[in-house]
Amino acid sequence: MTTTAMDPKTATATQKRLLAQRNIGIMAHIDAGKTTVTERILFITQKIHKMGEVHDGETTMDYLEEERKRGITIQSAATTVEWKGTRINIIDTPGHVDFTAEVERSLRVLDGAVAVFDGVQGVEAQSETVWRQADRYGVPRICLINKMDRTGASFEYCVQTIIDRLEAHPVPIQIPVGAEKEFQGVIDLVRMVYIEYPDEGDGKNFKESPIPESHLAAAKKARHDMLEAAAEFDDTLLNLFIEDQEISVELAKSALRKGALSMRIVPVLCGSALKHKGVAQLIDAVVDYLPCPLDVKATKGTKPRSDEEVIRLPDDSQPMCLLAFKTIAEPTGDLTFVRVYSGVLNASTRVLNPRTGKTERVGRILRMHANKREAIDDVRAGDIAAVVGLKNTYTGDTLCDEDHPIQLSKIVFPEAVIAMSLEPKKGGDRDKLSEIIAKLMREDPTFRASTNPATEELVISGMGELHLEIIVNRIQNDHKCEVVTGKPKVAYKQRLTKPVDTEARFIRQSGGRGQYAVINVKIEPVQTEGNGFEFVDAVKGGNVPREFIPAVEYGLEQAFGGGGKLGYPFINVRATLYDGKAHDVDSNEMAFQQAGMLAFRQAAESNVTLLEPIMKLEVRVPEEFMGAVVGDLNSRRGEVSEVDAMGNLRIIRALVPIAEMFAYSSALRGATQGRGSFAMELHEYRDVPRNIAEKILAEVAK
């Protein structure tokens, strides 16, 4: 990450445009107030003229029926606002862990983010998850401590949780005046002014005045701490700070910006979005401290089917390069969201998809505002838009200039953890259901569906019970296809227990030309990138003709993906083909493919260990219910790792198999008189204990 130090007078037209642009995401734990913050930003920037509320199901950004009904964000939604000469593309992301893929793909293409924290709770489970995702993608952040008017709100506590839980370096650039019902305004530590909000204001009207005498000492100390942190990033400021000289607003902002872009500090603001307090200052901070596209490192990729590195700069004159990061399947054709990293994409242009090796024609280009859209002629380097007309482009695909191909790194999504069977109520709806599921899979990369070859049962899998519940509701309500579901099941996996050397003989004689293939393969459990399958060609001497080796690899991979007798996917397997035999007449590709499948089946026979998803769980309960909750978790094979206190509240963190967590929300409600809450996410896969594995295998055998 670099910081722009460009003279606007000598900047090119593209550079001037990019200097006045921000691509940001709003991210947080569920109920921290992300969507309310976004709604207030839209109102203050005059993008909308009437505000909706999450609790009324009337917000602009939560436009799906399921979102409005449940009061949560399910799909990320995009919009664009203008603020004091800067254009800001905003993506409002979900807070529930079941929809973490929406956060993952948004952070992949955004330049900066606003992390919103509940003023009472501080850092919660999902806010920690999205923070780590932003770390992985190198996305600079600013923080908003929201809901400062809630009973129990504490700015200092929330800042400390950012230090303790996220191991970050938060630097307050505001401090609150009052808290809970007495929250009146904030002190801007950069400009050293008091910003007071009227109780019934709309966010646009606030009063700036000198800092009250009663808060001056605290403000001076907080400003000293802020400048001390900023001094690390600017020598001029450091010298003035050491000599106790006056430091200008511009110099303080410049140093804080450098620190924020380097991700070594995180500027922190506070407010109450619901009461319209602090939102205008938050937008100012987005412009002042979050990166423009010129601040981001050059985009690196490779030439398709090669390791040669290719670089693209955010410039309209560079060859076109964009990443498709989200798809919405619509009756008139897929709507594909793209981030343009270089060049200019015009309507009706042909683009190359390196994954397929084919070109596609872009139809219309749209500027999105939640579910409303505005047609535009082109989308330029550094910008985000949606395109219509792409038929074979999916999330994570690169699109580029035919004459200057480039392949960007893919977006990696988490594994599904639960599954359930699904079938249409009416037999005639089977084809319709298949089409609907194909659309939903294009939209959501963490939703998967497959047909069990043994039972012909359709099985869907996803990130959690809520994820699959919403998928089923969308199939029935949005797509008008009645379905019957089975009970949720754990998405187990399999690994090989030990290495096996196997000889697979596929020999068929039937009067005329026969089938002949013999292969010797070593199949072993290993750590492979992406939990996948690795094939090694170690044949010497030509005992297996070169033209048949790809067929062996294909057969092995097919059996690996098929899940064997149990049907659960395998992970971490290396197959080394080192010898074999062929027949001059009877050997062919089909025979060697079948031999590959047979070899894997032989190696997996009585040689598998089941793996189960282990969830990282955070439960928040009043102190009086802690004993019952911990006891319940122990009975669910849970391992409690730590318990934190926050007033009368206890925060319990544990690792628990998801197999023991179905319908946990009802159990927790019952154990805590409805006062407990929890969040969980996938931590890792572990071996299933032998006694439980035996029960599972017996159930599968039935």
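This is a predicted model, so every value here is computed, not measured.
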Undergrad: Quick check on Glu182: does its CD atom have over 12 non-hydrogen neighbours (other residues, nucleotides or ligands) under 6.0 Å away?
TA: no
Undergrad: Kindly indicate whether the side chain of Ile26, heavy atoms from C-beta on, has any atom under 4.5 Å from the side chain of Val116.
TA: yes
Undergrad: Determine the minimum heavy-atom distance between Gln494 and Gly563, stating which atoms define it.
TA: NE2-O, 2.9 Å
Undergrad: Would you check if Phe447 and Ile460 make a side-chain contact, meaning some heavy-atom pair closer than 4.5 Å?
TA: yes
Undergrad: Which of parallel (below 30°), tilted (30 to 60°) and perpendicular (above 60°) describes Phe117 and Trp131?
TA: tilted
Undergrad: Side chains of Glu681 and His683: does their closest heavy-atom pair fall under 4.5 Å?
TA: no
Undergrad: Does a donor on one side chain sit under 3.5 Å from an acceptor on the other, for Arg264 and His169?
TA: no
Undergrad: Any side-chain heavy atom of Leu422 sitting closer than 4.5 Å to one from Val459?
TA: no
Undergrad: Once side chain to side chain contact (heavy atoms under 4.5 Å, CB included) is applied, do any residues pair with Glu180, and if so which ones, sequence neighbours excluded?
TA: Thr151
Undergrad: Checking Glu612 now: which residues fulfil salt bridge (Lys or Arg N to Asp or Glu O under 4.0 Å) with it, not counting sequence neighbours?
TA: Arg637
Undergrad: With a 4.0 Å cut-off, would you call Asp444 and Arg474 a salt bridge?
TA: no
Undergrad: Any salt bridge linking Arg675 with Glu624? Criterion: basic side-chain nitrogen under 4.0 Å from a carboxylate oxygen.
TA: yes
Undergrad: Are Lys493 and Tyr685 in a cation-pi contact, defined as NZ or CZ under 6.0 Å from the six-membered ring centre and within 45° of the axis?
TA: yes
Undergrad: Counting neighbours of CZ on Arg132 that are heavy atoms of other residues, nucleotides or ligands and sit closer than 6.0 Å, is the number greater than 12?
TA: yes
Undergrad: Has Glu465 got a side-chain atom pairing as donor or acceptor with Ala663's backbone, closer than 3.5 angstrom?
TA: yes
Undergrad: Do you see a donor-acceptor pair shorter than 3.5 Å between the side chains of Ser409 and Arg108?
TA: yes
Undergrad: Ion pair present between Asp397 and Lys410, side-chain N to carboxylate O less than 4.0 angstrom?
TA: no
Undergrad: Indicate yes or no: does Arg636 engage Glu660 in a salt bridge with an N to O separation below 4.0 Å.
TA: no
